[in-house]
Amino acid sequence: MIEARHLRVLRAVAGTGSFSAAARELGCTQPAVSQQMKALEQSAGTPLLIRTGREMRLTQAGEALVRHAAGILAGLTAAEEEVAAIAGLRAGRVRLVSFPSGSSTLVPTALAAMRAAHPGTRISLVEAEPPRSVEMLREGDCDLALAFRYGGGAAGAAAEWEDLVVTPLLTDRLVGLVPEGHRLAGVERVGMAELAEEPWIAGCPRCRRHLVEVCEGAGFTPRIDFATDDYPAVVGLVGAGLGVAVLPELAVESVRAKGVSTLAVEPAVEREVVALTLPDLARVPAVAATLGELVRAAAR
């Protein structure tokens with residue numbers, strides 16, 4: 001019989017590449033990892049790892065088991081959390097991952113409400129942009145992921161998330177940012193084509209790709225002089241007169257926009273902000289309650 005603890009060890013070994021690194025990640029000894037791997041191979045009835053000198057790689061059977069481990073462990077986590085929650089959310093854990101502008105706007109309100117209503121539920125937060133946050137959810141490293149997609153749920157994005165429970169939270173419109181002394185500062189709205197000759201400051205990789213697509217749709221390719229995942233850095237670079245940018249309203253809301261002027265851009269560019277979870281985890285009361293608070297925070 002394959003045990004969950006052995007699957008966790010296998011995932012750690014596969015992810016780190018060695019017994020010693022896996023032991024450090026799991027907080028146990030290297031001999032303990034070796035013994036559990038030996039027990040797992042005995043249960044499986046076939047080798048799962050090939051050791052050649054210092055190198056270690058998975059066999060075909062090992063790769064198959066690692067591939068299934070995330071779903072198995074997620075199901076076990078869902079079962080454990082649901083049992084604990086039967087007592088009325090006096091216990092439980094929710095691991096939340098969010099992109100930065102969601103962390104500074106939607107998440108604080110939702111988590112404060114959760115703490116007030118269910119003080120026994122522990123909620124942790126880490127930051128990651130999609131698609132990494134979605135990968136973390138599928139790999140069993142979080143229970144809820146805040147993510148976004150452009151184009152109002154385009155077919156590609158819908159297919160990307162078809163195995164997940166998708167809860168729409170809000171539509172986040174992108175706004176233009178120009179330095180205060182810019183020729184367009186104070187203008188209420190502007191067409192993207194009017195910014196064709198400007199130097200650009202771009203954001204996260206997904207936002208960067210979408211910026212290029214929008215600009216090309218307006219008839220030009222943006223000259224991106226600077227790119228950064230840090231929204232305050234984008235605002236600071238624009239404020240220093242080094243270029244223009246478009247940012248989601250959530251991002252502008254979370255940053256002190258000093259030295260910049262905001263303006264609406266045409267055509268309207270929007271992203272859909274959603275909460276994602278796995279079907280099994282969606283039935284866990286602590287996860288469902290956190291999801292409900294995120295929906296309420298987004299409606300404010």
Side-chain angles (χ1 to χ4, degrees), residues 2-17 21-22 25-26 40 48 57-58 60-82 85 92-100 102-103 106-107 110 122-151 153-169 204-207 209-210 229 271-292 294-295:
I2 295 174
E3 298 184 29
R5 61 194 177 100
H6 294 158
L7 290 179
R8 291 189 177 95
V9 172
L10 176 63
R11 281 190 65 204
V13 172
T16 61
E25 181 177 300
L26 296 169
L40 180 56
L48 302 174
R57 59 187 177 85
L58 294 168
Q60 185 177 359
E63 290 175 351
L65 200 51
V66 168
R67 190 168 61 250
H68 288 287
I72 293 168
L73 294 173
L76 285 172
T77 298
E80 291 167 355
E81 296 294 346
E82 190 163 357
R93 177 192 67 179
V94 178
R95 297 166 300 164
L96 174 65
V97 60
S98 172
F99 55 94
S103 298
L106 300 177
V107 170
R122 295 180 293 111
I123 304 179
S124 62
L125 170 67
V126 296
E127 288 189 341
E129 298 273 1
R132 178 57 192 146
S133 56
V134 183
E135 292 171 1
M136 291 174 66
L137 178 63
R138 289 198 177 101
E139 290 168 0
D141 294 327
C142 70
D143 306 308
L144 271 174
L146 257 64
F148 58 85
R149 59 187 174 191
Y150 288 98
E160 179 187 4
W161 296 343
E162 64 183 359
D163 59 323
L164 305 175
V165 177
V166 182
T167 302
L169 296 178
C204 72
R206 177 168 284 200
C207 299
R209 287 194 300 272
H210 189 68
D229 293 351
R271 66 176 185 175
E272 182 186 9
V273 177
V274 303
L276 304 172
T277 191
L278 294 167
D280 282 342
L281 291 171
R283 298 195 296 271
V284 176
V287 173
T290 305
L291 184 56
L294 286 168
V295 171

For this session: Compare every heavy atom of Leu146 with every heavy atom of Gly102, then report the nearest pair and how far apart it is.
Result: CA-CD2, 4.5 Å
Exercise. Of all residues at least two apart in sequence or in a different chain, which pass the side-chain contact (heavy atoms from CB on, under 4.5 Å) check with Val166?
Worked result: Arg149, Trp161, Val274, Leu276
For this session: Hey, could you give me each pair passing salt bridge (Lys or Arg N to Asp or Glu O under 4.0 Å) that has a residue in residues 60-70? Not counting sequence neighbours.
Result: none
For this session: Search all heavy atoms of Ala74 against all heavy atoms of Leu278 and return the closest pair with its distance.
Result: CB-CD1, 3.8 Å
For this session: Under the side-chain hydrogen bond (donor to acceptor under 3.5 Å, both in side chains) rule, collect the residues that match up with Arg138, sequence neighbours excluded.
Result: Asp163
For this session: Check side-chain hydrogen bond (donor to acceptor under 3.5 Å, both in side chains) between Arg206 and all other residues, then give those that pass, not counting sequence neighbours.
Result: Glu160
For this session: Mind listing the closest non-hydrogen atom pair of Leu281 and Cys142 along with its distance?
Result: CD1-O, 4.2 Å
Problem set entry | From CA spacing to verdict: side chain to side chain contact (heavy atoms under 4.5 Å, CB included), Leu106, Val273 | CA-CA 10 Å; Leu106 300 177; Val273 177; 4.2 Å; yes
Problem set entry | Side chain Arg57, main chain Gly17, donor-acceptor under 3.5 Å | no
Exercise. With sequence neighbours excluded, what pairs up with His210 under the ring pair (Phe, Tyr, Trp, His ring centres under 6.0 Å) test?
Worked result: Tyr150
Seminar exercise, completed: Residues passing the side-chain hydrogen bond (donor to acceptor under 3.5 Å, both in side chains) test with Arg93, sequence neighbours excluded, are none
Problem set entry | side-chain contact (heavy atoms from CB on, under 4.5 Å) partners for Ala61, two or more places apart | Thr46, Leu48, Thr59
For this session: From the options Val295, Leu294, Leu144, Thr277, select the one residue that forms a side-chain contact (heavy atoms from CB on, under 4.5 Å) with Thr167.
Result: Val295
Seminar exercise, completed: Nearest heavy-atom contact between Glu25 and Thr16 is OE1-CG2, 3.3 Å
Exercise. Should Leu58 and Leu10 be marked as a side chain to side chain contact (heavy atoms under 4.5 Å, CB included) after you check the CA-CA gap, both sets of side-chain angles, and the distance that decides it?
Worked result: CA-CA 10 Å; Leu58 294 168; Leu10 176 63; 4.1 Å; yes
For this session: Could I get the full list of salt bridge (Lys or Arg N to Asp or Glu O under 4.0 Å) partners for Arg283, not counting sequence neighbours?
Result: Asp280
For this session: Under the side-chain contact (heavy atoms from CB on, under 4.5 Å) rule, collect the residues that match up with Ile2, sequence neighbours excluded.
Result: Leu7, Leu40, Ser43, Leu65
Exercise. Any side-chain heavy atom of Leu73 sitting closer than 4.5 Å to one from Arg11?
Worked result: yes
Extract all donor-acceptor atom pairs below 3.5 Å that involve side chains of residues 125-137 and protein atoms in other chains or at least two apart in sequence.
| unit_1 | atom_1 | unit_2 | atom_2 | d |
| --- | --- | --- | --- | --- |
| Glu127 | OE2 | Ser103 | OG | 3.1 |
| Arg132 | NH1 | Glu135 | OE1 | 3.1 |
| Arg132 | NH1 | Glu139 | OE1 | 3.4 |

Problem set entry | Sequence-distant partners of Arg8, salt bridge (Lys or Arg N to Asp or Glu O under 4.0 Å), two or more places apart | none
Exercise. Is Phe148 close to Cys204 at the side-chain level, that is, under 4.5 Å between some pair of heavy atoms?
Worked result: yes
Problem set entry | Val97 vs Asp141, side chain to side chain contact (heavy atoms under 4.5 Å, CB included): CA-CA, chis, key distance, verdict | CA-CA 9 Å; Val97 60; Asp141 294 327; over 6 Å; no
For this session: Not counting sequence neighbours, which residues clear side-chain contact (heavy atoms from CB on, under 4.5 Å) with Pro205? List them please.
Result: Arg208, Arg209, Asp229
